Amino acid sequence: MLRHFRILTLCSLAALFCLVPAQRGLAQDKDDADDIPVSDATSQCLACHEGLHPGIVAGWRKSRHARITPAEGLKKDEQARRVSSTDIPEELQETVVGCAECHTMRSGKHADTFEHAGFQVHVVVSPDDCATCHATEREEYKDNLMSQAYGNLVNNPFYQQFVVSVNGHMARTDTGKAEFTPSDPETYAESCLYCHGTKLSVNGTKTHDTDYGSFDVPVIEGWPNQGPGRINLDGSKGSCTPCHTRHTFSIAEARSPATCGECHSGPDVPAYKVYDLSKHGTIYNSKHGDWDFDAVPWTVGKDFRAPTCATCHISEVVSPDGTVIAKRTHAVTPRLPWRIFGLIYAHPQPAKADTSIIVNQDGIHLPTTFDGDIAMDFLIGEKEQDARTGNMQAVCRSCHGASWVEHHWARFENTIKVTNERTRAATKVMSEAWKDGLATGLDKDGNPFDEYPERLWTGVWFFAANHVRYASAMAGGGDYGVFERGRYNVSERFIELNDWVTNQKIMKQPKGK
Amino acid sequence: MLRHFRILTLCSLAALFCLVPAQRGLAQDKDDADDIPVSDATSQCLACHEGLHPGIVAGWRKSRHARITPAEGLKKDEQARRVSSTDIPEELQETVVGCAECHTMRSGKHADTFEHAGFQVHVVVSPDDCATCHATEREEYKDNLMSQAYGNLVNNPFYQQFVVSVNGHMARTDTGKAEFTPSDPETYAESCLYCHGTKLSVNGTKTHDTDYGSFDVPVIEGWPNQGPGRINLDGSKGSCTPCHTRHTFSIAEARSPATCGECHSGPDVPAYKVYDLSKHGTIYNSKHGDWDFDAVPWTVGKDFRAPTCATCHISEVVSPDGTVIAKRTHAVTPRLPWRIFGLIYAHPQPAKADTSIIVNQDGIHLPTTFDGDIAMDFLIGEKEQDARTGNMQAVCRSCHGASWVEHHWARFENTIKVTNERTRAATKVMSEAWKDGLATGLDKDGNPFDEYPERLWTGVWFFAANHVRYASAMAGGGDYGVFERGRYNVSERFIELNDWVTNQKIMKQPKGK
Amino acid sequence: MLRHFRILTLCSLAALFCLVPAQRGLAQDKDDADDIPVSDATSQCLACHEGLHPGIVAGWRKSRHARITPAEGLKKDEQARRVSSTDIPEELQETVVGCAECHTMRSGKHADTFEHAGFQVHVVVSPDDCATCHATEREEYKDNLMSQAYGNLVNNPFYQQFVVSVNGHMARTDTGKAEFTPSDPETYAESCLYCHGTKLSVNGTKTHDTDYGSFDVPVIEGWPNQGPGRINLDGSKGSCTPCHTRHTFSIAEARSPATCGECHSGPDVPAYKVYDLSKHGTIYNSKHGDWDFDAVPWTVGKDFRAPTCATCHISEVVSPDGTVIAKRTHAVTPRLPWRIFGLIYAHPQPAKADTSIIVNQDGIHLPTTFDGDIAMDFLIGEKEQDARTGNMQAVCRSCHGASWVEHHWARFENTIKVTNERTRAATKVMSEAWKDGLATGLDKDGNPFDEYPERLWTGVWFFAANHVRYASAMAGGGDYGVFERGRYNVSERFIELNDWVTNQKIMKQPKGK
């Protein structure tokens, strides 16, 4: 019966659709009750798609895109302006940004463009489409490591060994080894590439039989995906929707810590969980209902009392008198001197967003050797680190005195040093195990992630030392610095690794000894 | 001094109580300042209990029960109506639903009914009481696995072995084994049965000496408990309060994801945690303050922008034009084709809510064998699975295009297949260990959950593979599909199990080899 | 360019600063648009610091301190009054509580007092400063274990061994042992002492060159820190800011569960996480947006529907008719009969806040022996426990019937007994390992936390048994009582410890056996 209802509704909509060309004005009247200028093309989209995907359209109707034209946006004061392009085509300026504006934009560039109801439509809107109005943000984003997240993983042979040991088919061999062989692309798309982004490609078309008739639509491999490093069908890299989710594209959502938490929750990147229990996070948790997450620029103290992720890393932050405390940056890097996760040792940020080019002194695609020597050619130097530290500390000083900030930072850099030392201690035991043949590492062409002691070693730096550094960076983070995968786990994994090595040596010692 | 204050207040209330019969009108005036028709019986309850348990009464006063009579409820349009019974007794229709209405309802049926201040009162209100006004919801709930959660655990011998290895008294035997013996009922009530529900029974009465005099009240074993599968004192199964908490019985609360999280948080059923970091969850976290959680029916896009648990699994969801996208269901099953947690392998949903009847080909109370062969006689078939998939996908399509939904679903079913393969690989190693006598399993009448390698094996399917499937089902879930107990842990537990078996074989090999 | 803007602004402020003495009235007019009486001294602070730290000043401006004078506070009804001192100095009564009021208070007592712009300013405001207006709260807090949290850790030799095994430098010795040596003070400040509080000390001064000129400011070791047991520069112990964060000092924030979660999140003290998924927590999560967190006193049912941490442990809780259900207590102890975390066995609360004086029958600084015998001389007796239980249950009864509360409490005390039994079973295996020389414990002057079996043993009581008790205490807590580090982990750690001991015995048995 439910299905019946639905089909009837769809049929009515289909009937409406046939009439659209003649009734464009009507559709527009209906959609634009408040004199919102929706383009004819978008009105035609809405005529069917509002019934098909009411959630998509309702989300869009509540968005700024649906209520403000680019021309109106351009009239705002520079600090409050949300469009950064100065050359928005005139034909786009006087209607709001609707379905057709984005999904028929630059249609010749997109491999998934298909003819649909008289339009050249593409499914996947890319950052290069968004750049039509948001050119600065798009340019900045090219310098953001996240825009290269696909290649930074897929083109790094060292990490490909990690991937196969995590996602791969598992078997016990006759010799008693755990053996891993690569898994399927769907698994990859759903695991690592969910956050890193997939590489999209068109694989023919498929006929969809709908109540509106039959449509040939492109079959897109790797879709759906909103990873921030997605490889798009126009060749561009990245995606704006992980933070500004379709079809509302909200700045408020991008400033919410939960939004970053989708990919930065841990245990590999525990930023969100650490934030959640930090002093900043607990203030947020108790009071954010009173804050203004939509204001542009974002005023310290007035719009919010404690920072979210965006405050420290991305947003244009100003003081109540309008002084710029930190400039907006979709590159993120300008306030980041150190890279504290994902690699064996913490180290200066990479000089370029494409990290797959990094090779250490031992020829491995890592920014340090296993002993901790830094591949400085590929990383930023001290001067750049200092400049970035200065940018970040300017944000800190909005709410903290100079000596508070200084002492906090000294502790943070001490923690980088100390966690690197702890990692070095564990790596020394692991290297001994590899050398002694208790496990098979890179030196014998083995996968360094597929044996039990190797996982204990990985636990030290990939999980526990990370937690310690994040808790330190955020000046707290409750137990994440100690018992919740922090220092307690750095030492516990070391103790366990050490115990394993000692036991193996006993078990494998020649009889009679 | 505090105690003094309190006693004085109670004495005043006691004095008031004595006067109640003569002053019924007065009490009613006071309680019903806004012309809310409270029954005389309920007014008498309130006269004392408002002072004794102000939180209970305040919660009720804010509820719909306290403000709308059944007669008014029946006048609502069908889609907006919250009472589903068409035969509500006339004597209940014209007063609001207060203390006496529920706690003196069907008093002859309840084993805990006792005489109290002239009324036949029972402590534990059951779904069969609620059915007086909410007949449809109660009927549907009988088909919900949760209504059978007590027996599905307690009557399953396989899972009883799990229970004893988790809750039991622990000791090291002379032969160096870890031995478990059953624990006490209080521990059981507080652990597994907290969510599964306890079996209530009356064990005599106890005299309570209060400031109002002495009262004999029934002593109820297994109380308090609000497990969704509770066995009630009228013989009915289930409880409405886990989701609609007493004494507000709010639909908004039942639609909040945290409410489901009380029992579905993990690591055995990580639904809530996965949701919390999924794209749906992050939109909820950043924006739910603006949504309407009370609207009936629930309109996509208008009342909420992203789904909560209830949206996809239970609620009546409609589009802004009133089209029904999904019918309300307290059975939950109509939108569930697969069962993805709690058992060794993911498999089609059980055909009946009582799963304790399921026996696999090896005579074990499981829907699959240890090798993964499915006990199809007890599970739904492909046709029913397809129908349910269709129901669920209708909800998805509210906000996602058809090819998005299709590709998502293909990945989800691939993940079911792949996680089952991973589990099979681990089970093969475990079975070898059982066969070789390295551990004592079912084949030798051992408990398959009380030895270290058995816990590693359990970790693969009961925790890690679950996380992978939940992350897949919810199209994301951040790290829960990978490093936060996801694929990383599937492989790590396997590696550790494999290592343990290999070491045992070395240790136990005959000397001289 | 950004830096340029900033310097210009600072220069303008510097210019303003020079004019302040002559323009005091002007500054006051500007700051006190609503006739809020700010002192001249505070106006001078604001003239510069509002530009330097806009977030600090904006936070303060929204606070009660910035809007109500002590004289106005004193006029409130006793139940609604937030100042408890009756001898507030007259010179402080008629202006709001601003920068100068706190940071120049009792300047002779503070070791960090320095001359600054004509004032004797100290950086770190202490509870003894706050006591000027909040004398009762400060006195009560002296009886709070948290006020002694520094010494309770640092002066306990047993726990110092734990600290070194968690934070220490790690190395594998030639004999294959994991060896730990003490780490640096910065690491200590950032880990354990982040919550326990650091000991502050002044180590000379440092010249800060700023746009306002050069200032000599004290260098404070151990700063920043807001641990509740901080040792302050006036010799006082404690800090008010962990709960009432500077510079808003909000009661609403202190009543938010997240605020407690900063230090009580686990896995050592999992109170917040357990709360979050308890029935109380899920009601909070779905409905707290409608509650009043600022009301004094706090009225059950009217201001909130479910308790937060503060409700049960600290707040003045009243019924809608004004009856006091629980008196406010910054000592916390009056409602706490049992101590359920941090020590090997659960036991009655310590009699004194300073627990470093506790020594058990074996001469170890613990409230029980390893066998579980209680050092009763240092703990509260049964009578005091009963009184405290009564105080807590009065809060429970606001929303729960007497038999509900009674049965809940019986289960909780049963859980204390049962988890102690489980811990005893694990300790017996551990003690056997120590005795047999498989590990080196206290009996052989070893650190009982630095070997793998010792960490398994620690896992039983320091983490898992804790979770079980917290889940029980809070009547739920979802999976925290079972699979999420609850009973499942109590038994798993035991199984693993047992397996380790058994394997060691096999490996170390004399050849030929």
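The chains referred to below are lettered A, B, ... by the order of the sequence lines, with proteins before strands, and numbering in each begins at 1. Please read these numbers as outputs of a predicted model, since none were measured by experiment.
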Select one option (side chain, backbone, both, neither) describing which atoms of C:Lys287 are under 4.5 Å from chain B's heavy atoms. side chain

Basic-acidic side-chain contact under 4.0 Å: C:Glu413, C:Lys417: no

Pair C:Arg487, B:Ser191: side-chain N/O donor-acceptor within cut-off below 3.5 Å: no

Stepwise side chain to side chain contact (heavy atoms under 4.5 Å, CB included) test for B:Leu153 and B:Tyr188: CA-CA 11 Å; B:Leu153 175 66; B:Tyr188 205 14; 3.8 Å; yes

B:Glu253, part contacting chain C, at a heavy-atom distance under 4.5 Å: both

Which of the residues B:Ala58, B:Gly289, B:Gly55 is involved in the greatest number of heavy-atom pairs with chain C at under 4.5 angstrom? B:Gly55

Centroid separation B:Phe463 to C:Tyr488 less than 6.0 Å: yes

Should the pair C:Arg388-C:Glu384 be classified as a salt bridge under the 4.0 Å nitrogen-to-oxygen rule? yes

Given B:Ile56, B:Val269, B:Thr458, B:Leu456, the one with more heavy-atom pairs under 4.5 angstrom with chain C than any other is B:Ile56

Pick whichever of C:Glu496, C:His407, C:Arg422 has the most heavy-atom pairs under 4.5 Å with chain B. C:Arg422

Bottom line for C:Val405: the part with an atom under 4.5 Å from chain B's heavy atoms is neither

Pick one of side chain, backbone, both or neither for B:Thr308, based on which atoms fall under 4.5 Å of a heavy atom in chain C. neither

Counting heavy-atom pairs under 4.5 Å with chain C, which one of B:Glu186, B:Lys177, B:Arg246 comes out on top? B:Arg246

Which of parallel (below 30°), tilted (30 to 60°) and perpendicular (above 60°) describes B:Tyr284 and B:Trp291? perpendicular

Which bit of B:His264 comes within less than 4.5 Å of chain C, counting heavy atoms only: side chain, backbone, both or neither? neither

Options C:Asn414, C:Val300, C:Val468, ranked by heavy-atom pairs under 4.5 Å with chain B, top entry: C:Asn414

Between B:Ser256, B:Ser165, B:Pro267, B:Gly261, the one whose heavy-atom pairs under 4.5 Å with chain C are most numerous: B:Pro267

Can you say whether B:Trp500 sits under 4.5 Å from chain C via the side chain, the backbone, both, or neither, judging by heavy atoms? side chain

Name the orientation class of the two ring planes belonging to B:His247 and B:Phe249 (parallel below 30°, tilted from 30 to 60°, perpendicular beyond 60°). perpendicular

Have B:Asn167 and B:Thr187 got a donor and an acceptor in their side chains that come within less than 3.5 Å? no

For a quick check under 3.5 Å, do B:Trp223 and B:Asp112 share a side-chain donor-acceptor pair by atom type? no

For chain B, which of C:Gly486, C:Ser491, C:Gly301, C:Gly401 has the most heavy-atom pairs under 4.5 Å? C:Ser491

Does B:Phe449 have its ring centroid less than 6.0 Å away from the ring centroid of B:Phe180? no

Highest number of heavy-atom pairs under 4.5 Å with chain C among B:His288, B:Arg172, B:Gln504, B:Lys206 belongs to B:Arg172

For each of B:Gly176, B:Ala171, B:Gly266, tally heavy-atom pairs with chain C at distances under 4.5 Å, and name the one with the top tally. B:Gly266

Less than 4.5 Å to any heavy atom of chain C: does that hold for the side chain of B:Gln226, its backbone, both, or neither? side chain

Examine whether an atom of C:Arg305 lies under 4.5 Å from a heavy atom of chain B, and if so say whether it belongs to the side chain, the backbone or both; otherwise answer neither. side chain

Do C:Lys505 and C:Glu432 sit within salt-bridge range, that is, some charged N less than 4.0 Å from a carboxylate O? yes

Under a plain distance cut-off of 3.5 Å, with no hydrogens placed, do B:Asp268 and B:Asn466 share a side-chain donor-acceptor pair? no

Interface moiety of C:Glu484 toward chain B, non-hydrogen atoms closer than 4.5 Å: both

Would you mind checking which part of C:Asn489 comes under 4.5 Å of any heavy atom in chain B, side chain (CB onward), backbone (N, CA, C, O), both or neither? neither

